[in-house]
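Working notes, structure below.
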Amino acid sequence: MSVQELEKIFQDKIDREVRIEPKDWMPDAYRKTLIRQISQHAHSEIVGMLPEGNWITRAPSLKRKAILLAKVQDEAGHGLYLYAATETLGITREQTIDDLHSGKAKYSSIFNYPTITWADIGAIGWLVDGAAILNQVMLCRTSYGPYARANIRICKEESFHQRQGFEILLVLSQGTPEQKAMLQDAVDRWWWPSLMMFGPRDSESTHSDQSTQWKIKRKSNDELRQQFVDMIAEQAKILQVTLPDPELKWNAEKKQYDWGEIDWNEFWNVVKGNGPCNKQRLDARKKAHDNGAWVREAAKAYADKRKEREEKEIKVA
Ligand code: FAQ
């Protein structure tokens, strides 16, 4: 069969909503796009543990500490599902992680901002997990089977994450004037970076057209961002916080919120590695990788030994 015929069968499957599985034929560009997106998603989950991990030892009570610990462990699990999904596309986990450490692969811009106060942990749960869920609910229906299934598991845990963040903020919103001010300050700092998580404007997005045709993406960056604004603007009323956008206003005709402009210079600056914490985040990941070398060596030695024993047993039998 010619490549053109194979491509036609492939696109036809996608159009009929048949999931693509690892052993199915797929165009090289589809494979490459998925390796890029799923590995970047995995890196985001793992790097995303760092800003919150910063507060595990300082959470204000034992209960808060246990909840935060569980959440950060969930993020590690999400990273693992996603690295495993990436491996089904024929790239090794070592290569994927090397690409993160060398700066070749990106991770979400949001994790390059610092967590300065306890309210930041609430804001991450509410806004960052809230944005992540909208994106990942869409990805539960993405065309590549292993990625879709990984997202189904991830979303179940993310909804708990968002609620725990909202609850932290709800408690602060009913607290002292200092606690209310801390809440407002966190929302002021996390609002715009959260909107940036959805990626560049549709008109600037390099991959959207092709990814939409392949049903990797089912909603555009701008569509999801608008859905997020509409959801958060309503929830903000319950928390009695102001979103830091003077142009935010309900548009009765469009039945959605109008809002201001993202600082795209800031977005691209962070994506290119120049955000407030980019260097710190990558250094921390590289250090953790180096410190974990003995675990990988021990696991490999054990696997080799087991294989040797199994081979001996087969010979005897
Ligand atoms: N940051 O053409 P597009 C989480 C890059 S998980 C950095 O529109 P695409 C859980 C993009 O890679 C959060 N780079 O790209 C959690 C591309 O560059 P490339 C992560 C960004 O792929 C919560 C270029 O710009 N979620 O938060 C960003 O079609 C709390 C052009 O962009 C995912 O990764 C950005 N924000 O659409 C963990 C979901 N935006 O690769 C801990 C899966 C864009 O050509 C605590 N990913 N770029 O060099 C996606 O859905 C998509 O990849 C988008 C971007 C929507 C992010």
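The first residue of the sequence shown is numbered 1, and numbering continues consecutively from there. Both counts, for ligands and for their atoms, begin at 1 and track the order of listing.
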Salt bridge check: are K217 and E223 linked by an N-O gap of less than 4.0 Å?
no
Test applied, side chain to side chain contact (heavy atoms under 4.5 Å, CB included); reference residue, Y81; option that passes from I154, I38, I152, T86:
I154
From L127 atom CG to W192 atom CH2, the distance as rounded to the nearest 0.5 Å:
12.5 Å
Residues pairing under ring pair (Phe, Tyr, Trp, His ring centres under 6.0 Å) where one sits in residues 286-311, two or more places apart or in two chains, turn out to be H101-H289
Please output the residues near ligand 1 using a strict heavy-atom distance under 4.0 Å, listed in chain and residue-number order.
R36, Q37, Q40, H41, S44, E45, G48, E52, K71, E75, K106, Y107, S108, S109, F111, V128, D129, A132, N135, Q136, L139, Y147, E158, M196, M197, F198, G199, P200, S205, T206, H207, K217, N221, F267, W268, V271
Scan residues 38-65 for pairs that pass ring pair (Phe, Tyr, Trp, His ring centres under 6.0 Å), counting only residues two or more places apart or in two chains.
H41-Y147, H43-Y83
Of all pairs that satisfy salt bridge (charged side-chain N to carboxylate O under 4.0 Å, His left out), the ones with a partner from residues 170-184, not counting sequence neighbours:
none
